[in-house]
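First up is the structure itself, then whatever we jot down about it.
Basis for what follows: all heavy atoms, side chains included, without hydrogens, waters or symmetry-related copies.
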Amino acid sequence: MTNIIKIMLRDFKSISTNVVALVIIMGLCVIPSLYAWFNIHSNWDPYSEDATSNLKIAVYSKDEGVKIRNFSLAVGDSVVNALHENRTIGWVFPEDERTAINGVYSGDFYAALIIPEDFTKSITQMIDGNLDGGRILYYENDKKNAIATKITGKAKTAVETQVNTTVFATITELAAKLGSTLENTDNHAAVHQMTVRMENLKKDIRGLQHMLGSAKKMTDAVMQTMKGMLQLNEKIILDLRSDLGLIATASVSFSTSGIETANVRLQDYLLLMKDGKADLTKMRKELKGLYEYVDELESELIGIKDSELLQQMVDVLENEPEKIGTFFSTPVNLQKERVYPIKNYGSQMAPFYTVLSIWVGALILVAIIHTKVHPIKGVENMKYYQEYFGRYAVFFIVGQLQTLICVLGDVFFLNIQCRHLFLFWCASALASFVFTLLIYSLTYAFGNVGEALAVVIMVIQVAGAGGTFPKEVLPDIYQQIYTFLPFPYAMDALKEAVGGIYENAFLESLGKLAVFLVVSLVIGLVFSIPFRKLNAKIEKSKERSKLMI
């Protein structure tokens, strides 16, 4: 233990008394943080409207539209007008199709949407049973930028939604106008007139029933009165029959046989009264049946004219066609409940870039500071494990300073979201401890080969740790390897501190990360023994080359 302390004191004295060494150490403390800060800031919020509105997508409509009765319809123009108000993407509206398409090839535009001449016509063919719908040509420049095409792909989806909404809104508005026209025709008035006449017929029938109830007291004058009423009802029936023709032309779903049946029954009453041989009891019974039958017909007709559901549909079509369009274009809306919400993309990427910068910082240390300990005056019989722990102290302290600066900059300079600052620092400090010890052990055991291994491990971790893409979408080989690397566990711990803690997830991640401390010690204290002679030969060969450090 004494020799370990002597090595540590000698190293710190050498740094503090050497201006160049002190400046280099200060630079080593700051440089890795710059790597994290620049990357986090550059990825701060690339999917916000302020950012995506800088991506230019051309839109040009050749839609010629159609004319239905007295109404003109051009869905393409409606779509273009709607996109003029959309700020999600930098929509550009060139004067011709060639400019739009050439702009995609030249890279001036990331994509172009071309609405063809028959767009509205192809949509309105649904009336004839053709449900193929309309098509919009979409040109996209994959060469310009890989991520940009994913963002513009979302813009394409947004346009599809906008088109669907516009189409349904326009069609429902047109249907409302046509429905309003039909509603104001004479056919609708005929239906209303017929219900009024039916009500009058029911009143006359009730009068006849009352008179028949007092049949024993009838006089000849009263009997002449009854015939007059029957003649009046005969005229009403003839009027109802003429109205029936108007109802049929209005395409009202109403049974014409019902009116004809009522007509036949009432004609029988007329004949019976003219003959003067009426069976009063039978007449009262049949007259009651006729009243109930006419009442049913009137209810059916009123239901057709004043259906509450039908009236509500007409009102919505007339007053809120946009809502109908929105409903049919997106009949189901998902209600998003954000779990552990993070305010921006930069904060989401902070765990990855912070962990990566800690690894880079540890890698720079082994490139600048030697792991080999030169002989110290007054120290005899120095053991290899004493050299190992004595020299590592510098790596540990500088690594912790690198981490502290990086964490403070993330939170107070970049203002990343961090729900648990202390835990964020704890996880970062443990990650620095693991990374510096692992890279130091590799270099101590294998020399320059160990440094190269540290670089290879970093490359694999960047590709397979799931920092930018979910690890589940990566090739199988990466999914199998990443569980044996320290990156994922350090990142998971930092994510918990940024977004929020779930049960024991934070401690479990730290526990798995700490396992690599044991691995590092085995490499540095065990594997280094058989490689000492080989490393010595490699060092001599490097010196003879007079090229390599």
Side-chain angles (χ1 to χ4, degrees), residues 33 36 39-40 43-45 47 334-359 361-362 396 399-400 402-412 414-438 457-458 460-522:
S33 299
N39 279 284
I40 293 173
N43 289 275
W44 192 248
D45 207 0
Y47 300 108
L334 294 180
Q335 181 178 349
K336 183 169 66 174
E337 295 290 339
R338 300 185 66 186
V339 179
Y340 302 119
I342 299 178
K343 62 183 180 181
N344 52 57
Y345 190 70
S347 297
Q348 290 177 321
M349 294 302 295
F352 173 69
Y353 285 117
T354 299
V355 169
L356 184 57
S357 69
I358 294 173
W359 183 279
F396 174 79
Q400 292 300 314
Q402 291 174 338
T403 301
L404 181 61
I405 293 172
C406 184
V407 168
L408 293 176
D410 287 350
V411 177
F412 297 106
L414 296 178
N415 294 317
I416 68 166
Q417 174 182 313
C418 186
R419 297 185 183 276
H420 306 281
L421 174 57
F422 178 73
L423 297 182
F424 189 83
W425 171 76
C426 288
S428 300
L430 179 60
S432 177
F433 184 19
V434 171
F435 295 170
T436 53
L437 185 61
L438 177 59
I457 294 173
M458 180 186 70
I460 295 175
Q461 290 185 126
V462 170
T468 52
F469 297 100
K471 54 182 178 291
E472 290 80 5
V473 304
L474 301 176
D476 292 338
I477 184 64
Y478 292 102
Q479 297 185 41
Q480 295 170 8
I481 291 176
Y482 94 100
T483 54
F484 301 102
L485 302 173
F487 256 44
Y489 309 110
M491 287 171 50
D492 289 344
L494 292 183
K495 289 176 182 178
E496 294 292 313
V498 168
I501 304 296
Y502 173 74
E503 295 184 352
N504 297 322
F506 181 77
L507 295 177
E508 290 175 359
S509 297
L510 294 186
K512 294 176 181 178
L513 181 61
V515 172
F516 291 90
L517 293 174
V518 178
V519 175
S520 301
L521 291 174
V522 171

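Rounding to the nearest 0.5 Å gives a distance of 12.0 Å between CG of Asn344 and CE of Met349. One distance of note links CZ of Phe424 with NZ of Lys495; it measures 12.0 Å at 0.5 Å rounding. Rounded to the nearest 0.5 Å, atoms CD (Gln461) and CZ (Phe484) are 13.5 Å apart. Between the CD1 atom of Ile477 and the CD1 atom of Ile460 there is a distance of 9.0 Å, given to the nearest 0.5 Å.
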For a quick test of your reading: what N or O donor-acceptor pairs under 3.5 Å do the side chains of residues 502-522 make, sequence neighbours left out?
residue	atom	partner	partner atom	Å
Ser509	OG	Ala505	O	3.0
Ser520	OG	Leu438	N	3.4
Ser520	OG	Phe516	O	2.7

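Remark: side-chain polar atoms of Ser347 are paired, donor with acceptor, to backbone N or O of Gln417 under 3.5 angstrom. A distance-only check finds a donor-acceptor pair linking the side chain of Ser432 to the backbone of Gly399 [under 3.5 Å]. Formation of a donor-acceptor pair under 3.5 Å by the Thr354 side chain with backbone atoms of Pro351 is not found in this model. Counting only distance, with no hydrogens or angles, the side chain of Tyr489 and the backbone of Thr483 share a donor-acceptor pair below 3.5 Å.
Heavy-atom minimum distance, Leu423 versus Ala497: C-CB, 4.1 Å. Heavy-atom minimum distance, Ala362 versus Thr436: CB-CG2, 3.7 Å. Heavy atoms only, all atoms of each residue included: Leu494 and Ala427 are closest at CD2-CB, 3.6 Å. Ala490 and Phe435 get closest at one heavy-atom pair: CB-CZ, 4.3 Å. Taking all atoms of both residues into account, the shortest heavy-atom contact from Gln348 to Ile342 is CG-CG2, 3.6 Å.
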Begin with the C-alpha distance, continue with both residues' side-chain angles, and end with the deciding distance and a verdict on side-chain contact (heavy atoms from CB on, under 4.5 Å) for Tyr353 and Asp410.
CA-CA 10 Å; Tyr353 285 117; Asp410 287 350; over 6 Å; no
Would Phe352 and Val462 satisfy side-chain contact (heavy atoms from CB on, under 4.5 Å), going step by step from the backbone distance to the final call?
CA-CA 9 Å; Phe352 173 69; Val462 170; 4.2 Å; yes
Report the C-alpha separation of Ile416 and Trp44 in whole Å, then their side-chain angles, then the decisive distance to 0.1 Å, and conclude whether the side-chain contact (heavy atoms from CB on, under 4.5 Å) test is met.
CA-CA 9 Å; Ile416 68 166; Trp44 192 248; 3.8 Å; yes
One pair to check against side-chain contact (heavy atoms from CB on, under 4.5 Å): Asn39 and Leu356. What are the steps and the verdict?
CA-CA 11 Å; Asn39 279 284; Leu356 184 57; over 6 Å; no
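Counting heavy atoms from C-beta on, the side chains of Ile501 and Glu496 come closer than 4.5 Å. Between Leu421 and Phe412 there is a side-chain heavy-atom pair separated by less than 4.5 Å. Residues Ile358 and Cys406 form no side-chain contact, since every pair of their non-hydrogen atoms from C-beta on lies 4.5 Å or further apart. Using a 4.5 Å heavy-atom cutoff, the side chains of Trp359 and Ile457 are in contact.
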